[in-house]
Amino acid sequence: MAGLQFFGFISSFVGWIGVLVATATNDWVLTCDYSINTCRKLDELGSRGLWADCVISIGLYHCKPLADILTLPAHIQAARALMITASFLGLPAVFLLLSAMPCIRVGHDPGTEKYKRFTLGGVLIVILALASIMATIWFPVSTHKETTIVTFGYSLYAGWIGAAFCLFGGIVIVCCSGESHAFMENRFYYSSQGSGSPTHAKSANV
């Protein structure tokens, strides 16, 4: 059971990093204002993300920040909100999961408390994943209605991969971590009877 817990945590943590990369970077989709053949001849493409519209050509990478929130399209505002929410949800989720790992003891936590924290962390990871999936699908679909998408950028791939890892890790944590009694730890202590007697290991549930 501890192996599943560790695997779910690592998958969730790696996925959260991918979501952070997608949120912070701007190469979500590569667009073309003309026909694709014309853009290839001119060697000029546009790069669109959550925070800026950029023009990419030979020796030029110019970006215009999307600073005016009131004039932004609804899909950009929604994608921003979802990705920012997902990024911040990862902080308490990772803390809860880490504090509930079998190899970490916080004071004299009973197993039921660890189980509750681990399950809550898994639920937050699943919500994080769903928010990221919504944003990374909604954004390119809506952008395609406005302009021609040539290809997807590395930021969008990072978001997809991160969301998939988080969803998988969250499901493992919520569904495959066993019951609360699985988080009960055994404490070993030693007692010796006389100088010549062997030392015996005993255990007591914490």
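Below, all heavy atoms of this structure are taken into account, side chains as well, without hydrogens, waters or symmetry copies.
- With sequence neighbours left out, the side-chain hydrogen bond (donor to acceptor under 3.5 Å, both in side chains) criterion links Ser11 to no other residue.
- Looking only at side-chain heavy atoms (C-beta outward), Val19 and Ser87 come within less than 4.5 Å of each other.
- Put simply, the side chain of His62 does not reach to within 4.5 Å of the side chain of Cys54, judged on heavy atoms.
- In Tyr154, the OH atom is crowded: over 12 heavy atoms of neighbouring residues, nucleotides or ligands sit closer than 6.0 Å.
- Listed here is the closest heavy atom pair of Ile125 and Cys166: CG2-O, 3.0 Å.
- Not counting sequence neighbours, the partners of Leu156 by the side-chain contact (heavy atoms from CB on, under 4.5 Å) test are Trp28, Val29, Thr136, Pro140, Phe152, Trp160.
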Begin from the C-alpha positions of Trp51 and Thr25 and carry the test side-chain contact (heavy atoms from CB on, under 4.5 Å) through to its verdict. CA-CA 8 Å; Trp51 313 105; Thr25 54; over 6 Å; no

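- Remark: side-chain polar atoms of Asp53 are not paired, donor with acceptor, to backbone N or O of Lys64 under 3.5 angstrom.
- When all heavy atoms are compared, the tightest approach of Arg80 to Leu50 is NE-O, 2.7 Å.
- Nearest heavy atom pair, residue Leu89 against residue Ile127, reads CD1-CG2, 3.7 Å.
- Applying the 6.0 Å contact sphere to OH of Tyr157 captures more than 12 heavy atoms from other residues, nucleotides or ligands.
- Taking every heavy atom of both residues into account, Gly122 and Val174 meet most closely at C-CG2, 3.6 Å.
- Interatomic distance, Ile173 CD1 to Phe168 CZ, rounded to the nearest 0.5 Å: 10.5 Å.
- In the hydrophobic clustering of this structure, Ile137 does not group with Met134; members are Ile, Leu, Val, Met, Phe, Trp, Tyr whose side-chain heavy atoms approach within less than 4.5 Å, directly or through other members.
- No path of Ile, Leu, Val, Met, Phe, Trp and Tyr side chains, each step under 4.5 Å between heavy atoms, connects Val123 with Leu82, placing them in separate hydrophobic clusters.
- Residue Trp138 is not grouped with residue Leu130 when hydrophobic side chains (ILVMFWY) are merged at heavy-atom distances under 4.5 angstrom, including chains of intermediate members.
- Using a distance-only test at 3.5 Å, with no hydrogens or angles considered, no donor-acceptor pair links the side chain of Arg48 to the main chain of Thr31.
- The same ILVMFWY cluster, assembled from side-chain heavy atoms under 4.5 Å apart, contains both Leu91 and Val14.
- Once rounded to the nearest 0.5 Å, the distance linking CD1 of Ile149 with CG of Leu45 reads 12.5 Å.
- The minimum heavy-atom distance between Ala131 and Ala86, with the atom names listed, is CB-CB, 4.3 Å.
- When all heavy atoms of Leu124 and Leu96 are compared, the pair lying nearest together is CD1-CD1, 4.0 Å.
- Listed by chain and residue number, Asp27 satisfy the side-chain hydrogen bond (donor to acceptor under 3.5 Å, both in side chains) test with Ser47 (two or more places apart in sequence, or in another chain).
- Both Leu167 and Ile17 sit in one connected hydrophobic cluster of ILVMFWY residues. Membership requires side-chain heavy atoms under 4.5 Å apart, directly or through other members.
- Without hydrogens or angle criteria, Trp16 side chain to Phe165 main chain gives no donor-acceptor distance under 3.5 Å.
- Ser142 contributes no side-chain N or O that, together with a main-chain N or O of Phe139, makes up a donor-acceptor pair within less than 3.5 Å.
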